[in-house]
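Letters A, B, ... are given to chains in the order of the sequence lines, protein chains preceding strands, and every chain is numbered from 1.
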Amino acid sequence: MAAVFYERVYWVVRQIPEGRVTTYGAIAKAIYSPKSARMVGYALNASKNNSDIPAHRVVNRKGLLTGKFHFGGQQVMQELLANEGVEVVDNQIKDIERYFWDPIHEVDLEYLLENFQQNVEKL
DNA sequence: GATATGACCGCTG
DNA sequence: CCAGCGGCCATAT
């Protein structure tokens, strides 16, 4: 099931650098679907099979690890982040602004639109 | 093609 | 400051 929306989400998430995090809403904006933040989470849930997607670097806008229940163990997500130098306290990233990576400033929008528009026509 | 379901977000009181 | 609530919209069934 290659939904284009999912592919867009994965394309952005794969570009998040180590030790940085971003939010569902930021990704939604970056892929020109600013009101689909919930769907970003939905897409990440479907990406659990896909091991090349660093889903642990995506949290909600407060820095809460809302997706930790989807990582097998509740500590897994926190440990993955800690390994990259991100400090997590009480299920929340401490001082998220220090690690925040905003895809809207980093992503090649022209590439996104051109590349994924073709995929839309395929489907 | 209608209804249900979210790893969300922002505004209100 | 905290809690509740409604909007949102792509997939799944």
Nearest heavy-atom pair of [X] and [Y]: which atoms, and what distance?
X      : Y     : value
A/E87  : A/Y99 : N-OH, 3.4 Å
A/I31  : A/V12 : CG2-CG2, 3.6 Å
A/P103 : A/A26 : CG-O, 3.7 Å

Give the rounded distance in Å between these two atoms: [atom1] of [X] and [atom2] of [N].
X     : N     : atom1 : atom2 : answer
A/I96 : B/dA7 : CD1   : P     : 18 Å
A/Y10 : B/dA7 : OH    : C1'   : 12 Å
A/H56 : B/dA7 : NE2   : P     : 19 Å

For [Y], is there any backbone N or O sitting under 3.5 Å from a side-chain donor or acceptor partner on [X]?
X      : Y      : value
A/T22  : A/W101 : yes
A/D108 : A/E110 : yes
A/Y10  : A/A43  : yes

Between the protein and nucleotides 10-13 of chain B, list every N/O to N/O distance that falls short of 3.5 Å.
residue : atom : partner : partner atom : Å
B/dG10  : OP2  : A/R61   : NE           : 3.4

For this session: Under 4.0 Å between any heavy atoms, over every strand shown, what does A/N60 touch: base, sugar-phosphate, or nothing? Just pick one.
Result: sugar-phosphate
Exercise. So what does A/A55 touch, heavy atoms closer than 4.0 Å: a base, only the sugar-phosphate, or nothing?
Worked result: base
For this session: List in numerical order all residues of residues 67-81 of chain A for which some heavy atom is under 4.0 Å away from an atom belonging to DNA chain B.
Result: A/G67, A/H70, A/F71
Exercise. Taking the six-membered ring for Trp, are the ring centroids of A/Y111 and A/W11 within less than 6.0 Å of each other?
Worked result: yes
Seminar exercise, completed: So CD of A/Q78 and CD of A/Q92: to nearest 0.5 Å the spacing works out to 11.5 Å
Exercise. To the nearest 0.5 Å, how far apart are CG in A/N91 and CD in A/Q74?
Worked result: 7.5 Å
Under 3.5 Å, N/O pairs linking protein and nucleotides 3-10 of chain C:
residue : atom : partner : partner atom : Å
C/dG7   : O6   : A/R38   : NH1          : 3.1
C/dC8   : N3   : A/R38   : NH1          : 3.4

Problem set entry | Ion pair A/E84/A/R20, N-O distance below 4.0 Å | no
Exercise. With a cut-off of 6.0 Å (strictly less than), are more than 12 heavy atoms of other residues, nucleotides or ligands near NZ of A/K94?
Worked result: no
